[in-house]
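Structure record follows, encoded as structure tokens.
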Amino acid sequence: METPTIAVDTSKTSPKDFFLWLGAIIALYGSITSFITLLFEYINYSFPDNLAGYADPYGGAVRFAMAALIVLVPTLIALFYFIRTSIAQEAGKAHIWVRRWAIVLTLFIAAITILIDLIALVNTFLGGEISTRFGLKVLVVLLVALGVFLHFLADQKGYWILNRTKANMIGIAVGVLALVTVVSGFFIIGTPSHVRMLRYDEQKVQDLQSMQYQVLNYWQMKRALPVESNALVDSLGGYTLPMDPKSKASYVYKATGKLTFALCATFNEATPDTAGKGAYPARDVAYPSMGGGVSDNWQHGAGEVCFTRTIDPELYPTNPVPVTKGL
């Protein structure tokens with residue numbers, strides 16, 4: 001059965017038509033990019049790889065993609081609804097140049113994406129580096145590009161104009177898919193309140209690191225550990241003791257020996273495990289205050305945690321203050 005054709009009309013492209021299509025194309029490409037980004041991040045988290053880097057514990061890429069989908073997908077659906085409504089009212093709008101160019105450009109980009117995707121898959125397979133993570137990403141790009149290609153190929157032939165009910169159903173399906181994809185993101189990065197608790201915890205670790213530096217500096221200058229945390233206050237140097245950013249309580253410092261001390265804080269969440277959940281190459285930002293070697297480990301669980309430190313005199317020799325004799 002042949003697809004019905006729409007009679008050609010000589011309607012001109014108005015500024016309204018131009019900006020409707022421009023907005024629709026921007027929303028389309030932005031939605032597709034955000035959708036693929038989200039799925040890639042989900043795959044990274046679901047299939048960690050030892051060769052990958054650390055992921056952002058705050059889910060920066062995930063949050064931005066989620067926000068983009070929340071804004072762009074409804075915009076995309078609304079713009080295409082207005083476009084098809086205008087075509088229904090004036091059939092010639094189906095043949096204006098801006099519509100033809102937008103559809104052909106999208107078909108071209110989708111076709112090129114499919115070819116590049118297949119080339120990448122074959123090249124990686126021949127190199128013996130195929131993995132579940134990579135295969136799923138290739139599949140995602142292939143399915144999305146193929147779906148876009150088939151949709152706009154049908155649009156080019158006027159199918160969606162002649163079947164507006166089905167076009168509206170496609171719009172609803174896209175909206176539901178975007179909603180499910182966005183909601184899934186909360187299972188990876190957590191709720192906004194969870195992310196806020198992680199940021200509180202990061203600040204606490206940074207505060208303890210600054211206190212540790214002051215303790216070490218005190219020991220190097222005075223050849224002894226401070227008895228209490230107030231001894232670290234340096235009004236001349238401008239150092240004051242930090243406080244817990246959430247509870248406003250003081251951090252706990254304890255000298256447990258001649259060369260050992262402990263720093264304690266109460267944390268909201270456990271240190272997020274993001275090892276191997278980044279992308280290739282290792283470009284993602286690791287938890288800034290976490291790691292740094294076995295002797296300087298700041299990973300923690302939820303609740304009160306104390307970090308015990310031992311000063312190695314060979315690594316951190318004392319610096320006696322010279323005594324200036326009177327002239």
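Computed from heavy atoms alone, side chains included, the values below leave out hydrogens, waters and symmetry copies.
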Query raised in the report: Any sub-3.5 Å donor-acceptor pair from Ser34's side-chain atoms to Ser31's backbone N or O?
Result: no
Query raised in the report: Given the rule in the side chain to side chain contact (heavy atoms under 4.5 Å, CB included) test, do Leu38 and Met66 qualify, once you have shown the distances and angles that lead to the verdict?
Result: CA-CA 7 Å; Leu38 269 181; Met66 288 170 63; 3.7 Å; yes
Requested in this report: Please tell me if the side chains of Trp160 and Ile170 come closer than 4.5 Å, counting only heavy atoms from C-beta onward.
Outcome: yes
Requested in this report: Determine whether the side chains of Arg164 and Thr85 contain a donor N or O and an acceptor N or O closer than 3.5 Å.
Outcome: yes
Query raised in the report: Got Lys93 and Glu90 here, is their nearest side-chain heavy-atom distance under 4.5 Å?
Result: yes
Query raised in the report: Taking all atoms of both residues into account, what is the closest heavy-atom pair of Gly171 and Ile77, and its distance?
Result: O-CD1, 3.2 Å
Query raised in the report: Taking all non-hydrogen atoms of both residues, which atom of Ala24 and which atom of Ile83 are closest, and how far apart?
Result: CB-CD1, 4.0 Å
Query raised in the report: For the residue pair Gly301 and Phe267, what are the closest heavy atoms and their distance?
Result: O-CB, 3.6 Å
Query raised in the report: Mind checking whether Lys137 and Asn44 have side chains closer than 4.5 Å, heavy atoms only?
Result: yes
Query raised in the report: Side chains of Lys204 and Tyr251: is there a donor and an acceptor less than 3.5 Å apart?
Result: no
Query raised in the report: Are any side-chain N or O atoms of Asp201 and backbone N or O atoms of Asn268, one a donor and one an acceptor, separated by less than 3.5 Å?
Result: yes
Query raised in the report: Do Thr191 and His194 have side chains that get closer than 4.5 Å, going by heavy atoms?
Result: yes
Report task. Check whether any side-chain heavy atom of Lys258 lies under 4.5 Å from a side-chain heavy atom of Leu225, and answer yes or no. Result -> no
Query raised in the report: Should Asp155 and Arg99 count as an ion pair when the cut-off is N to O under 4.0 Å?
Result: yes
Query - Parallel, tilted or perpendicular: ring planes of Phe307 versus His300, cut at 30 and 60 degrees - result: perpendicular
Query - Geometric cation-pi criterion Arg84 and Trp21, 6.0 Å radius, 45° cone - result: no
Query raised in the report: So, the side chain of Arg100 versus the backbone of His95: is there a donor-acceptor pair under 3.5 Å, distance only?
Result: yes
Query raised in the report: Any side-chain heavy-atom pair from Val252 and Leu263 closer than 4.5 angstrom?
Result: no
Query - Side-chain donor or acceptor of Asp117 paired with backbone N/O of Val141 under 3.5 Å - result: no
Query raised in the report: Do the non-hydrogen side-chain atoms of Leu105 and Tyr29 ever get within less than 4.5 Å of each other?
Result: yes
Report task. Side-chain contact test, heavy atoms from C-beta onward, threshold under 4.5 Å: evaluate it for Leu69 versus Phe64 and give yes or no. Result -> no
Report task. Go through Trp219 and Leu259 one step at a time and tell me if the side chain to side chain contact (heavy atoms under 4.5 Å, CB included) criterion holds. Result -> CA-CA 9 Å; Trp219 184 84; Leu259 297 175; 3.6 Å; yes
Report task. Report the C-alpha separation of Phe35 and Leu39 in whole Å, then their side-chain angles, then the decisive distance to 0.1 Å, and conclude whether the side chain to side chain contact (heavy atoms under 4.5 Å, CB included) test is met. Result -> CA-CA 6 Å; Phe35 179 72; Leu39 292 186; 3.4 Å; yes
Query raised in the report: Under a 4.5 Å side-chain heavy-atom rule over Ile, Leu, Val, Met, Phe, Trp and Tyr, are Trp101 and Ile109 clustered together?
Result: yes
Requested in this report: Might you work through the side chain to side chain contact (heavy atoms under 4.5 Å, CB included) test for Tyr213 and Tyr239, ending with a clear yes or no?
Outcome: CA-CA 11 Å; Tyr213 173 79; Tyr239 181 80; over 6 Å; no
Query - Side-chain donor-acceptor pair present, Thr181, Tyr42, cut-off under 3.5 Å - result: no
Query raised in the report: At their closest point, which heavy atom of Leu153 faces which heavy atom of Leu107, and how far apart are they?
Result: N-CD2, 3.5 Å
Query raised in the report: Where the side chain of Thr33 meets the backbone of Gly30, is there a donor-acceptor pair that is under 3.5 Å apart?
Result: no
Query raised in the report: Do Leu139 and Ile36 share a hydrophobic cluster (ILVMFWY, side-chain heavy atoms under 4.5 Å, transitive)?
Result: no
Requested in this report: Could you tell me whether the side chains of Asn168 and Thr165 share a donor-acceptor contact shorter than 3.5 Å?
Outcome: no
Report task. Kindly give the heavy-atom pair with the smallest separation between Met211 and Leu232, and that separation in Å. Result -> O-CD1, 4.3 Å
Query raised in the report: Okay, side chain of Asn163, backbone of Tyr159: is any donor-acceptor separation there less than 3.5 Å?
Result: yes
Report task. Output, in order, the C-alpha distance, side-chain angles, deciding distance and verdict of side-chain hydrogen bond (donor to acceptor under 3.5 Å, both in side chains) for Ser14 and Asp17. Result -> CA-CA 5 Å; Ser14 67; Asp17 296 325; 2.9 Å; yes
Query raised in the report: Are Phe186 and Val71 grouped together when hydrophobic residues (ILVMFWY) are joined by side-chain heavy atoms under 4.5 angstrom apart?
Result: no
**Report entry** Residue that, paired with Val182, satisfies side chain to side chain contact (heavy atoms under 4.5 Å, CB included) out of Ile70, Val62, Leu177, Val73
**Finding:** Ile70
Query raised in the report: Ala94 and Ile161: which non-hydrogen atoms are nearest, and at how many Å?
Result: CB-CD1, 3.7 Å
